[in-house]
Enquirer: 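Just passing along the structure, written as structure tokens.
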Amino acid sequence: MKIKILLLGRFGRVGDALFKTLSIMPGVDLFVFSSYSLSKKHIWGNNFIDINILDFVALKKEILRIEPRIIINCAAFTNVDEAERKKSECWNLNVTLVEKLAQLSSSLEAHLIHFSSDYIFNGNSGPYYEDAKPNPINYYGKSKLASENIILSKLNDFSIIRTNFLYGNSDLYNPTFVNSVYNNLKQGKQINVVNSLYSCPVFTKDISIGVKELILQQFSGIVNFAGPEYLSRFEIALKICDFFKFDKNNIKEANISDIGFEAKRPIKAGLNSEYAQKKLGIIFNNFSDCLNEMNFK
Ligand SMILES: NC(=O)c1ccc[n+]([C@@H]2O[C@H](COP(=O)([O-])OP(=O)(O)OC[C@H]3O[C@@H](n4cnc5c(N)ncnc54)[C@H](OP(=O)(O)O)[C@@H]3O)[C@@H](O)[C@H]2O)c1
């Protein structure tokens, strides 16, 4: 019998990569909840269920009907600046939804895989290991930490995957910093890039292969998924420039105070992924190696 996996957030950056990996994983019956499904059901198949995942009555009914063995939550409110203005929207998606999923996972004895962020840390001393003490400095980070705490208090069988700055390809174009740098430099435009905001850039395809491995090895607990290099935004932009042989003079170094972000950001964020590599054998590739696989539009 096939194992039923339910995916939420399929058209997000991580969800898209996961969909591609899990939909061809042997022995898996993949179900998807997305508000994009109805009009395109003929393309995406019967296991696409058109649902507003924030309608918690409908969510419960559908999950109890499907009885998944694994629930993967990639849905989230991810706009860090907007989260400061739209606090209740952010909380509903990042915390209340997770609480409902944890309750349902508990009653079905399902394994919940949830994504969290390096923004649960204050950014004074990254890259962070799994056991570092969280101390978020913006609302998005607070909501992600609250989601972790709910899972820790309600479930024994769960995976919390913390990740950080990510980039990759997606069916519905979800541009990241990497796309924006590429597009501007390709057009010969000058860009100001902050010389801090450190993280460990990770390719969404590597994340998806990591999730597959975690499922196969029946992992439970907290684990970091992050790339092997520790880079500032400026260094990331320079790598893109080098790779595509764009004009370096078009990248201007800026201080974080010059950018005027709404939300405070952890300066030395990022995650150390030694544990995922050693314990689970997951490989996270270098940034420049993955640029080869990007389909820039
Ligand atoms: N992006 C990053 O750099 C980053 C860094 C660290 C951690 N993370 C974490 O990684 C996870 C995945 O992030 P991501 O970048 O892939 O997210 P994303 O691209 O912003 O996608 C999030 C998905 O959430 C769903 N969603 C958003 N708003 C919704 C709403 N109002 N109602 C219902 N569904 C809604 C949508 O799913 P559908 O497509 O199904 O409609 C959307 O595609 C999140 O938990 C995030 O906190 C991301």
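Residues: numbered from 1 along the sequence shown. Order of listing sets the numbers, starting from 1, for every ligand and every atom in it.
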Enquirer: Holding to ring pair (Phe, Tyr, Trp, His ring centres under 6.0 Å), I want the full list of residues that pass it with Tyr275, two or more places apart in sequence or in another chain.
Expert: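 Checked Tyr275 against ring pair (Phe, Tyr, Trp, His ring centres under 6.0 Å); zero matches.
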Enquirer: Can you name the atoms of ligand 1, numbered from 1 with element, that are less than 4.0 Å from a heavy atom of Gly9?
Expert: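 It comes down to these atoms of ligand 1: 37 (O), 38 (P), 39 (O), 40 (O).
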Enquirer: Does the cation-pi check pass for Arg233 over Phe177, that is, NZ or CZ under 6.0 Å from the six-membered ring centre and within 45° of its axis?
Expert: yes
Enquirer: Per the ring pair (Phe, Tyr, Trp, His ring centres under 6.0 Å) rule, which among Phe33, Phe48, Phe31 passes with Phe19?
Expert: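 Only match with Phe19 under ring pair (Phe, Tyr, Trp, His ring centres under 6.0 Å): Phe48.
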Enquirer: Output the list of atoms in ligand 1 that are nearer than 4.0 Å to some heavy atom of Val14, sorted by atom number.
Expert: 12 (C), 16 (O)
Enquirer: Any idea which atoms of ligand 1 are less than 4.0 Å away from a heavy-atom of Lys144?
Expert: 44 (C), 45 (O), 46 (C), 47 (O)
Enquirer: As an exercise, identify every atom of ligand 1 less than 4.0 angstrom from a heavy atom of Ile53.
Expert: 33 (C), 34 (N)
Enquirer: Kindly state each residue pair satisfying side-chain hydrogen bond (donor to acceptor under 3.5 Å, both in side chains) with at least one member in residues 93-105, sequence neighbours excluded.
Expert: Asn94-Ser143
Enquirer: Backbone or side chain, does any N or O of Phe165 fall under 3.5 Å from an N or O of ligand 1?
Expert: no
Enquirer: Is Arg13 close to ligand 1, meaning an N/O of one under 3.5 Å from an N/O of the other?
Expert: yes
Enquirer: Do Phe11 and ligand 1 have an N or O pair less than 3.5 Å apart?
Expert: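 Among all N and O atoms of Phe11, at least one is under 3.5 Å from an N or O of ligand 1.
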Enquirer: Are any of the N or O atoms of Thr78 closer than 3.5 Å to those of ligand 1?
Expert: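 Yes, there is a polar N/O contact under 3.5 Å.
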Enquirer: Out of all atoms in ligand 1, which are within 4.0 Å of some heavy atom of Gly12? Include the element for each.
Expert: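 Close to Gly12: 16 (O), 18 (P), 19 (O), 21 (O), 39 (O), 43 (O).
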Enquirer: If you count the non-hydrogen atoms of other residues, nucleotides and ligands that lie under 6.0 Å from NZ in Lys252, is the total more than 12?
Expert: yes
Enquirer: Of all the heavy-atom pairs spanning Ala146 and Trp91, show the shortest one and how long it is.
Expert: CB-CH2, 3.5 Å
Enquirer: Would you mind telling me if ligand 1 is within reach of the side chain of Ala75, the backbone, both or neither, using heavy atoms under 4.0 Å?
Expert: both
Enquirer: Can you confirm whether or not the ring centre of Phe115 sits under 6.0 Å from the ring centre of Phe225?
Expert: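 Judged by ring-centre distance (under 6.0 Å), Phe115 and Phe225 do not meet the cut-off.
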Enquirer: Does the pair Asp55/Lys60 count as a salt bridge with the N-to-O cut at 4.0 Å?
Expert: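 Lys60 and Asp55: not salt-bridged.
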Enquirer: Using a strict cut-off of 4.0 Å, indicate which atoms of ligand 1 neighbour a heavy atom of Phe115.
Expert: 10 (O), 11 (C), 45 (O)
Enquirer: Please test Phe243 against Phe287 for ring-ring contact (aromatic ring centres under 6.0 Å, His included), starting from the C-alpha separation and ending with a verdict.
Expert: CA-CA 10 Å; Phe243 189 86; Phe287 181 68; 8.7 Å; no
Enquirer: With a 4.0 Å cut-off on heavy atoms, is Ser116 in contact with ligand 1?
Expert: yes
Enquirer: Below 3.5 Å, N or O to N or O, backbone or side chain included: is there any such pair between Tyr140 and ligand 1?
Expert: yes
Enquirer: Do the side chains of Lys205 and Glu293 get close enough for a salt bridge, i.e. N-O under 4.0 angstrom?
Expert: yes
Enquirer: Is the shortest distance from a Lys or Arg side-chain nitrogen in Glu148 or Arg162 to a carboxylate oxygen in the other one below 4.0 Å?
Expert: yes
Enquirer: Using a strict cut-off of 4.0 Å, indicate which atoms of ligand 1 neighbour a heavy atom of Ser34.
Expert: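 Checking each atom against Ser34, I get 38 (P), 40 (O), 41 (O).
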Enquirer: May I ask you to check if ligand 1 and Leu93 share an N or O to N or O distance below 3.5 Å?
Expert: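 In this structure, Leu93 places no N or O atom under 3.5 Å from an N or O of ligand 1.
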Enquirer: Going by heavy-atom distance to atom 3 (O) of ligand 1, choose the closest among Leu7, Asp55, Leu54, Leu166.
Expert: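 Nearest option to atom 3 (O) of ligand 1, by heavy atoms: Leu166.
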Enquirer: Would you call Tyr119 a ligand 1 contact, heavy-atom distance under 4.0 Å?
Expert: no
